[in-house]
Amino acid sequence: MPDAYSPQFVEAAWYSWWEKQGFFKPEYGRKSVLEANPKGKFVMVIPPPNVTGSLHLGHALTNAIQDALTRWHRMKGRTVLWNPGCDHAGIATQVVVEKKVWREENKTRHDMGREKFIEKIWEWRREKGDTIYLQLRKLGSSFDWTRARFTMDPQLCRAVTEAFVRLHDEGVIYRSNRLVNWSCTLKSAISDIEVDKIELSGRTLLSVPGYTEKVEFGVLVSFAYTVEGGEDEVVVATTRVETMLGDTAVAVHPEDTRYKHLHGKFVVHPFCDRKLPIVCDDFVDREFGTGAVKITPAHDPNDYDIGRRHNLPFITIFSDDGYIIGDYGMFSGMKRFHARNAITEALKERGLYRETVNNPMVVPICSRSKDVVEPLIKPQWYVRCDEMAESAKEAVRNGELKIIPEHHTKIWFHWMDNIRDWCVSRQLWWGHRIPAYFVAVDDASIPAGSESDNEYWVSGRNREEALDKACKKFGVPSSKITLKQDEDVLDTWFSSGLFPFSIFGWPDETDDLRAFYPGTLLETGHDILFFWVARMVFFGQKLLKQLPFREVYLHPIVRDAHGRKMSKSLGNVIDPMDVITGITLEKLQQQLLGSNLDPKEIEKAKEGQKQDYPNGIPECGTDALRFALCAYVSQGIRGRYPHLQRWFRHIGSFGEDRSCFRSSELGSSGCKVVGNETAMDLWMLSRISAAVDQCNKGFENYDFPMVTTACYNLWLYELCDVYLECLKPVFQSKDTTTVLTAKTVLYTCLHVGLRLLSPFMPFITEELFQRLPHIPGQDAPSICIAQYPDLNECPWRNTEVESQVEFVQKIVHIVRSARSDYNLPNKTKTEVYMVCSDEIAVVLRKYCSAMCTLAYCSKVEFSMSPPQGCAILTLSDKCEVHLLLKGLIDPAKELVKLQKKQDQLEQQVSKLKQAMAAPDYCTKVPEEVRLSNTDKLTQTEGELLRLLSAMTSLRSMQ
């Protein structure tokens, strides 16, 4: 054993042994996965991380929680499967590989062609794809790696095709020409989750890909449209003046008296031959701006709805890569944001420009390309969600599906009530190519179709099946039909939504599908409740007629020290591997240089790192990181856990001499109360029992801070701070019976305590578990499959003894505080005289040894006439503690020291009161600072009172 706790030493070898022994497989100890287990089963799938990157602290939190749950269920004797996997991350992967190819070969994907580019992606996947899995192993995650799945594996690709075809045949999937989120840089539609909504308070210049200069946002530009055939004008305002080229109407509220005389009239577009009708619509807010709104149906979601209601033309003015298209004179062929400036100048020249004012707004940014998202109308594939949403709501309403914490159910219902159909097609090459085919019919009696027309598309598990469907649909022989498969791929969330059953072999009826579907729990961050969780529920209910899991537990988002969500764009993302192994500030800042951050943002991020991690991040180890993250779920605990080293040393002092515990001495039935236990033995057993009860209740209710707090208190405050200290004189005595009993209780505490802690800290608990002597025929080969303690095993709760020890600890605390006030070192032993009622004395006599040890006393006596020269410490009206100081201190010298300390404390109290009395204290000083000041004042005043009491006692001794 090393001199000090070394995470790297402890965490180096155990994982490979666990994996080799098969402890993480549901088949362990059973003939087959279908074998019934009376203790039940626990099945959970990983939220598959993207294959492109490395883990961040959000992943680490997810895995710490999930692994703790998995290990607890496994130790409860259940059949357990935690299934790993990885997501192909369509957009992210394609972007990474495109950049790599351009950097290495100076080629675009179009230069290479689809087939060769996809080969490049698979090559990159083989090189880099295991990075995530290696990191998950480093985190101690107890997955069954033999069942690891990648969303582009043949089995999962088959499931995706099957799901699409079934849903398309039912009419749940259909094709439509609608408004989508479009990334001009990626030239693809993107999902809502891939749109970052950046809030601006006013005029702001932002960097946009493809532009050397920054682009202005956060302003509202007003301009006038001239009413046809008169001198009237209608002033409208917009944050995107370039979209006015696609305006097809001006809308006003029907009850707005300012515009009633213009109902049914037209305004004239200044830059093209187009008249725009003035339409009436209740959507218009007549109190905002001028009460008149420009309508661009092809480039704005709200305008799209108005355009549909009033049957307006939908005019697309942007190409896929963001250039102006159409007959707009000098503006045609311009980049959209260059056109923004040019149009503003042209409006000024024509006398139509009115003003530009600051305007708080939200700018949609593509999280992948950092481009400003452009709403465009595109023919895409959609999943009809209304009926599936109703089923998902009903499952939560009737309790079939439970969402934890419960407040998320309101969000669930709100989202389901306002759900829109889901756009599932992406204009990419990497991903699951859509198994749909456009049908061209060589028959004059059948009109040619459009690719935006759902009626001219068929789907098939293969081309032959699609051809057969087309023949039947159009009533012509196959020789008259030409099929063209859609070039697009499916949204990554489509395959992720199938993950809970596609990994088990669906659509085939496999043993794994029968054994592990439906699962037990889905655990993930609340930010993907709808993007992933809801879609798994949709597909599970629709395709298998069963929910994919019974419970959903949603953990909070990891934030930095300033409360900000961790984001690559802020440069505040922390790699968990850097926390585990430690990293210098210099190396942290080198990582920023390799990121995609703007140079100015890099400097800002560097300053943030210097402030938060002035000395870098010290080595923490996997166990401490996991424990801290699980405690973080509601408490926000950060930093290292020095108690790990502390109790490692304590246990090490007993572990070095293996003769301290002998299995022959411990017996074969574990710890049973036999009657010769000391009061402190009974207290320790009671605290073990209390911790066992709290840990099991915490896991059952997903209250992880309850479990971590119970473990922390048991090991640090009860075992190390109290019980181990009390055992030192016991082990030095010659009372063999008492020593053996103490050893048995200590062994039980260590054995139970390690098993309680194991789900959070698997490495160090395994290391120490293996160092304990094992009772033949009872102990498991590994702590990870040992029985998790319960009250049947630990029925020792004794609240009466706990109440007594709580009173003893108050005595110890008051004595130690007094010793500190009088500057007595620990090696100087004092005498304590208890003046108390007979009833209290009877109880306290059982704890004399403990009080001597814990309060650094040479003796504890009970006397109604204590000697002179004592400091009197009042505990209650029935109990006083007289601490003998005569002969141990020089009252005159101590009074001088305490007088100096009194002056310091009075100055601190005065400064705090002066600061808190300031007129603007409550409004200008942050709440956390005010709370801190209040705590400091209370503590300082309390310390001052104790000091004055001590000085009074000293004066009486002169």
Side-chain angles (χ1 to χ4, degrees), residues 108-110 175-190 195 208-213 215-217 221 223 225 236 238-250 267-277 294-304 306-308 311-347 349-350 352 363-366 369-380 423 425-428 438 450-453 486-488:
T108 67
R109 61 184 166 109
H110 298 283
R175 191 166 177 85
S176 180
N177 207 29
R178 294 185 182 178
L179 210 59
V180 297
N181 297 318
W182 187 264
S183 167
C184 295
T185 299
L186 298 174
K187 298 179 189 173
S188 173
I190 58 174
V195 178
V208 178
Y211 294 81
T212 54
E213 70 285 359
V215 179
E216 181 183 57
F217 293 90
V221 177
F223 68 93
Y225 274 123
V236 294
T238 178
T239 58
R240 301 160 64 218
V241 72
E242 68 277 10
T243 62
M244 63 87 65
L245 296 177
D247 286 357
T248 57
V250 170
V267 295
V268 179
H269 200 289
F271 303 127
C272 62
D273 185 16
R274 187 188 308 153
K275 293 191 298 183
L276 317 182
K294 62 184 282 299
I295 304 300
T296 320
H299 295 288
D300 182 275
N302 295 322
D303 294 1
Y304 177 88
I306 293 175
R308 295 283 293 272
N311 198 28
L312 299 174
F314 285 66
I315 300 173
T316 298
I317 62 167
F318 298 126
S319 66
D320 289 353
D321 46 3
Y323 286 80
I324 302 295
I325 56 174
D327 188 10
Y328 298 107
M330 62 177 285
F331 307 123
S332 296
M334 279 188 182
K335 288 184 175 182
R336 54 187 169 147
F337 296 127
H338 288 162
R340 172 176 293 187
N341 296 331
I343 288 171
T344 303
E345 291 304 313
L347 288 169
E349 290 171 8
R350 294 180 180 234
L352 298 173
V363 178
I365 302 291
C366 172
S369 64
K370 306 306 174 190
D371 196 3
V372 176
V373 172
E374 196 64 58
L376 287 185
I377 289 181
K378 291 285 182 183
Q380 304 284 312
C423 174
S425 42
R426 298 290 177 268
Q427 289 63 53
L428 305 171
F438 178 71
S450 163
E451 289 195 8
S452 62
D453 189 343
D486 196 331
E487 294 283 332
D488 293 350

- Query: Atom CZ of F223 and atom CD1 of I343: how far apart are they, to the nearest 0.5 Å?
  - Reply: 8.5 Å
- Can any side-chain N or O of S319 pair as donor or acceptor with the backbone N or O of Y323 at less than 3.5 Å? yes
- Task: Could you label the plane-to-plane angle of the F337 and Y211 rings as parallel, tilted or perpendicular, counting under 30° as parallel and over 60° as perpendicular?
- Result: tilted
- Query: What is the minimum heavy-atom distance between E451 and P379, and which atoms define it?
  - Reply: O-CB, 4.4 Å
- Task: Find out whether L312 and P277 are in side-chain contact, i.e. whether some heavy atom of one side chain is under 4.5 Å from a heavy atom of the other.
- Result: yes
- Task: Measure the NZ-NE2 distance between K187 and H110 for me, rounded to the nearest 0.5 Å.
- Result: 5.5 Å
- Message: My understanding is that only one of D488, D320, T316 makes a side-chain hydrogen bond (donor to acceptor under 3.5 Å, both in side chains) with K378; could you say which?
- Response: D320
- Query: Measuring from D300:CG to E374:CD, what's the distance to the nearest 0.5 Å?
  - Reply: 10.0 Å
- Item | Shortest non-hydrogen separation from V268 to Y225 and the atoms involved | O-CD2, 3.5 Å
- Message: How long is the straight-line distance from CD of E242 back to NZ of K335, given to the nearest 0.5 Å?
- Response: 14.0 Å
- Query: After noting the C-alpha distance and the side-chain angles of F331 and I317, does the key distance pass the side chain to side chain contact (heavy atoms under 4.5 Å, CB included) rule?
  - Reply: CA-CA 10 Å; F331 307 123; I317 62 167; over 6 Å; no
- Message: If only side-chain N and O atoms count, and only distance matters, is there a donor-acceptor pair under 3.5 Å linking T185 with D371?
- Response: yes
- Query: Is a side-chain donor or acceptor of R350 paired with a backbone partner of F271 at a separation under 3.5 angstrom?
  - Reply: no
- Task: State, with a plain yes or no, whether a side-chain heavy atom of R240 is found less than 4.5 Å away from one of T296.
- Result: no
- Query: Any idea which heavy atoms bring S332 and G326 closest together, and the distance?
  - Reply: OG-O, 2.6 Å
- Could you tell me the separation between the OG atom of S183 and the CD atom of Q427, rounded to the nearest 0.5 Å? 10.5 Å
- Measure across I365 and V373 and return the closest heavy-atom pair with its distance rounded to 0.1 Å. C-CG2, 3.9 Å
- Query: Do P270 and L352 come close enough that some side-chain heavy atom pair is under 4.5 Å?
  - Reply: yes
- Query: Should M334 and R340 be marked as a side chain to side chain contact (heavy atoms under 4.5 Å, CB included) after you check the CA-CA gap, both sets of side-chain angles, and the distance that decides it?
  - Reply: CA-CA 9 Å; M334 279 188 182; R340 172 176 293 187; over 6 Å; no
- Task: Describe, in one word, how the ring planes of H299 and F318 are oriented to each other, choosing from parallel (under 30°), tilted (30 to 60°) and perpendicular (over 60°).
- Result: perpendicular
- Beyond-backbone contact of V372 with F217, side-chain heavy atoms, under 4.5 angstrom: yes
- CG of L245 to NE2 of H269: how many Å apart, nearest 0.5 Å? 5.5 Å
- Query: Less than 4.5 Å apart, any side-chain heavy atom of D247 and any of V236?
  - Reply: no
- Is the closest side-chain heavy-atom distance between S425 and D486 below 4.5 Å? no
- Using only heavy-atom distances, determine whether the side chains of K294 and T243 contain a donor-acceptor pair under 3.5 Å. yes
- Task: Taking all heavy atoms of L179 and all of A298, pick out the closest pair and write down the distance.
- Result: CD1-O, 3.2 Å
- Query: Between T248 and P313, is there a donor-acceptor pair closer than 3.5 Å when you use the side chain of the first and the backbone of the second?
  - Reply: yes
